[in-house]
*Asks:* 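Supplied in structure tokens, the structure appears directly below.
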Amino acid sequence: MMEKTGSKRGVFSGHLGYILATAGSAVGLGNIWRFPYLAAKYGGGIFLLTYLVLALFFGYTLMVSETAIGRMTGKSPVGAFRALSMARRTADLTAKGSAKATAKATAKATAKGSKNGWQAGGWINAIIPMLILPYYSVIGGWVAKYLFEYILGHVSEAAEDGYFTSFISSPLGAWGWFMIFALMTVLVIALGVENGVERVSRIMMPGLVVLAVVMAVYSMTRPGAAAGIRYFLVPDLSHFSWMTVVAALGQMFYSLSIAMGILITYGSYMKKDVNIENSVHHVIFFDSGIAILSGLMIIPAVFAFSGGKPDALAQGPSLMFVTMPKIFESMSGGRFVGILFFVLVLFAALTSAISLAETCASTFEDELKWSRKKATTVVALIVAVLGSLSSLGFGPLFGVTPLGMSILDFFDFLTNSLMMPVAAFVICIFAVYVVGVRKISEEVHLSSRFRFEGMYRICLKYIAPFFVMVILLSSIANVLGIITI
Ligand code: PHE
């Protein structure tokens with residue numbers, strides 16, 4: 001899917017190449033594991049509606065901006081921020097002074113340029129994946145463990161109450177599975193076989209869709225499931241709270257891989273004749289589709305098996321691991337379907353984890369001029385240390401609860417609710433004031449009609465930065481106990 005050109009940088013073969021790679025990064029645990037538990041917890045239908053509105057307006061705006069910035073510069077985040085801010089400085093100087101002065105100042109700016117302030121904007125995009133990957137690998141390890149149990153045929157054991165809790169709190173078990181998942185990811189990166197993985201995803205992704213449809217239908221036809229379908233699909237304003245918006249926004253960034261430099265990097269691999277607008281829309285529809293299917297698979301089952309009590313709905317991160325085994329136990333051939341399900345989830349998780357690790361490694365390579373080997377080793381070390389903390393947070397480190405959360409939840413909150421809004425804000429401001437909306441529009445117009453340009457401009461200039469800031473401040477105030485939302 002990625003062709004190597006004469007230069008070092010690869011390019012996607014076209015529209016499909018970009019979509020498959022981006023969807024491979026976007027579709028992962030965020031859709032299958034995270035989305036359903038947030039939807040269950042934060043109001044069902046009203047959460048879904050909020051999420052979709054945010055994805056179509058904000059998600060779209062940010063994805064178009066990031067992709068265009070990447071394609072314009074042909075660089076990954078830190079380099080892209082640096083190149084564009086320097087271009088801007090040079091343009092300002094040219095407007096002001098003589099050619100000689102400009103040349104002098106440009107040379108000075110270039111010499112100093114490697115340290116300009118906007119680079120920090122690129123770095124915040126690059127650091128987020130480094131903080132997500134470790135705890136992502138912890139959940140990936142849980143998936144691998146369940147797959148293993150189904151291969152062994154432990155269908156009814158896995159469905160027992162308390163099975164999940166005792167697994168994650170057993171220090172060696174859960175930690176070991178985390179390490180296995182992390183090793184798989186790092187190995188792929190170290191060997192540079194992402195292309196092979198992308199080829200396999202042409203089969204795995206459709207497989208995931210088919211299985212999700214089958215599981216959703218099965219789950220929706222269980223006795224008692226109708227209330228769950230209603231809860232998930234019909235918005236009920238009485239379930240709305242400000243937290244619904246905060247959670248939906250964080251989920252949108254997470255699920256669409258926004259504000260993490262990934263789309264800038266992928267944009268830099270995109271050919272000029274690929275339609276940015278359509279590609280972004282396709283990724284949003286596909287990603288949201290999988291999230292909705294996962295919701296239809298899990299939430300009706302929560303109602304069918306536990307009557308939809310608030311406790312059952314508010315289970316949080318354990319929801320998928322508690323509910324799906326109950327479904328498999330209730331069906332004939334549950335072992336086989338369980339294996340299939342966890343293989344596909346594991347695969348989706350792996351492709352996302354690879355894109356996370358790849359961004360971290362390539363930032364180190366590009367910016368710190370490290371070798372592939374050194375970059376991969378450092379990524380592996382970061383994952384091992386932070387991931388172990390997250391994993392052991394359910395066992396020996398149970399008492400360690402930063403901001404009153406488990407360590408895993410803390411990293412999730414730190415990245416999704418605090419850092420991503422900041423990164424998104426920086427991208428908006430950068431796009432508007434440094435790059436200029438006109439330049440981004442020109443880039444998009446190279447290959448598409450840009451039908452939503454008007455909405456894009458308004459959203460980028462006014463709504464997105466303001467809204468992102470409000471969300472950020474309110475979630476900080478909430479954590480500090482200043483307001484309750
Ligand atoms: N979007 C992925 C998911 O939904 C997670 C991810 C986040 C992947 C950030 C890459 C970058 O699971």
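One-based numbering, in listed order, for ligands and for the atoms of each. In this chain, residues are counted from 1 in sequence order.
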*Asks:* Ignoring hydrogens and geometry beyond distance, is a side-chain donor-acceptor pair present between Asp287 and Ser255 at under 3.5 Å?
*Replies:*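 Looking only at side-chain atoms, Ser255 and Asp287 do form a donor-acceptor pair, the distance falling under 3.5 Å.
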*Asks:* Output yes when Glu367 and Arg82 qualify as a salt bridge under the 4.0 Å nitrogen-oxygen rule, no when they do not.
*Replies:* yes
*Asks:* Could you tell me, atom by atom, which parts of ligand 1 come under 4.0 Å of a heavy atom of Tyr136?
*Replies:* 3 (C), 5 (C), 12 (O)
*Asks:* Check each of Phe342, Phe328, Phe341 against Tyr146 using the side chain to side chain contact (heavy atoms under 4.5 Å, CB included) test, and report the only one that passes.
*Replies:*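 Passing option: Phe342.
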*Asks:* Numbering the atoms of ligand 1 from 1, which are under 4.0 Å from a heavy atom of Asn31?
*Replies:*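 Matching atoms, with element in brackets: 4 (O).
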*Asks:* Going by an N to O cut-off under 4.0 Å, is there a salt bridge joining Asp366 and Lys75?
*Replies:*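 No, Asp366 and Lys75 are not salt-bridged.
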*Asks:* Run the ring-ring contact (aromatic ring centres under 6.0 Å, His included) check on Phe35 and Tyr51 step by step: do they pass?
*Replies:* CA-CA 10 Å; Phe35 179 85; Tyr51 178 83; 5.3 Å; yes
*Asks:* Between Lys369 and Glu365, does any NZ, NE, NH1 or NH2 come within less than 4.0 Å of an OD or OE carboxylate oxygen?
*Replies:* no
*Asks:* Have a look at ligand 1 and work out which part of Asp287, if any, has a heavy atom under 4.0 Å from it: side chain, backbone, both or neither.
*Replies:* neither
*Asks:* Under 3.5 Å between some N or O of ligand 1 and some N or O of Ser355?
*Replies:* no
*Asks:* Judged by non-hydrogen atoms, does Trp33 sit under 4.0 Å from ligand 1?
*Replies:*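 Trp33: no contact with ligand 1 (<4.0 Å).
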*Asks:* For atom 3 (C) of ligand 1, what is the nearest protein heavy atom, given as residue, atom name and distance?
*Replies:* Ala26 O, 3.1 Å
*Asks:* Could you tell me the residue and atom name of the protein heavy atom closest to atom 1 (N) of ligand 1, and the distance to it rounded to 0.1 Å?
*Replies:*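 Result for atom 1 (N) of ligand 1: Tyr254 O, 2.8 Å.
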*Asks:* Judging by distance only, is a nitrogen or oxygen of Gly30 under 3.5 angstrom from one on ligand 1?
*Replies:* yes
*Asks:* Below 4.0 angstrom from a heavy atom of Ile262, which ligand 1 atoms are there? Numbered from 1 as shown, please.
*Replies:*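 What qualifies from ligand 1 is 10 (C), 11 (C).
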*Asks:* What is the closest protein heavy atom to atom 9 (C) of ligand 1, and at what distance does it sit?
*Replies:* Met260 SD, 2.8 Å
*Asks:* Please identify which atoms of ligand 1 are closer than 4.0 Å to at least one heavy atom of Leu356.
*Replies:* 8 (C), 9 (C), 10 (C), 11 (C)
*Asks:* I need the single residue from Ser388, Ser391, Ser390 that forms a side chain to side chain donor-acceptor pair (under 3.5 Å) with Trp175. Which is it?
*Replies:* Ser388
*Asks:* Within less than 4.0 angstrom of ligand 1, does Ile132 place any heavy atom?
*Replies:*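 Not so, Ile132 does not reach ligand 1.
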*Asks:* So for Ser25, does at least one of its heavy atoms come nearer than 4.0 angstrom to any atom of ligand 1?
*Replies:* yes
*Asks:* Please determine whether ring-ring contact (aromatic ring centres under 6.0 Å, His included) holds for the pair His281 and Phe286, giving the CA-CA distance in whole Å, both sets of side-chain angles, and the decisive distance to 0.1 Å.
*Replies:* CA-CA 9 Å; His281 269 140; Phe286 187 61; over 10 Å; no
*Asks:* If we check side chain to side chain contact (heavy atoms under 4.5 Å, CB included) with Leu313, which of these qualifies: Tyr42, Tyr37, Phe303?
*Replies:*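 Exactly one option meets the side chain to side chain contact (heavy atoms under 4.5 Å, CB included) with Leu313, and it is Phe303.
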*Asks:* Of all the atoms in ligand 1, which lie at a distance below 4.0 Å from a heavy atom belonging to Leu29?
*Replies:*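 Going through ligand 1 atom by atom, the ones under 4.0 Å from Leu29 are 12 (O).
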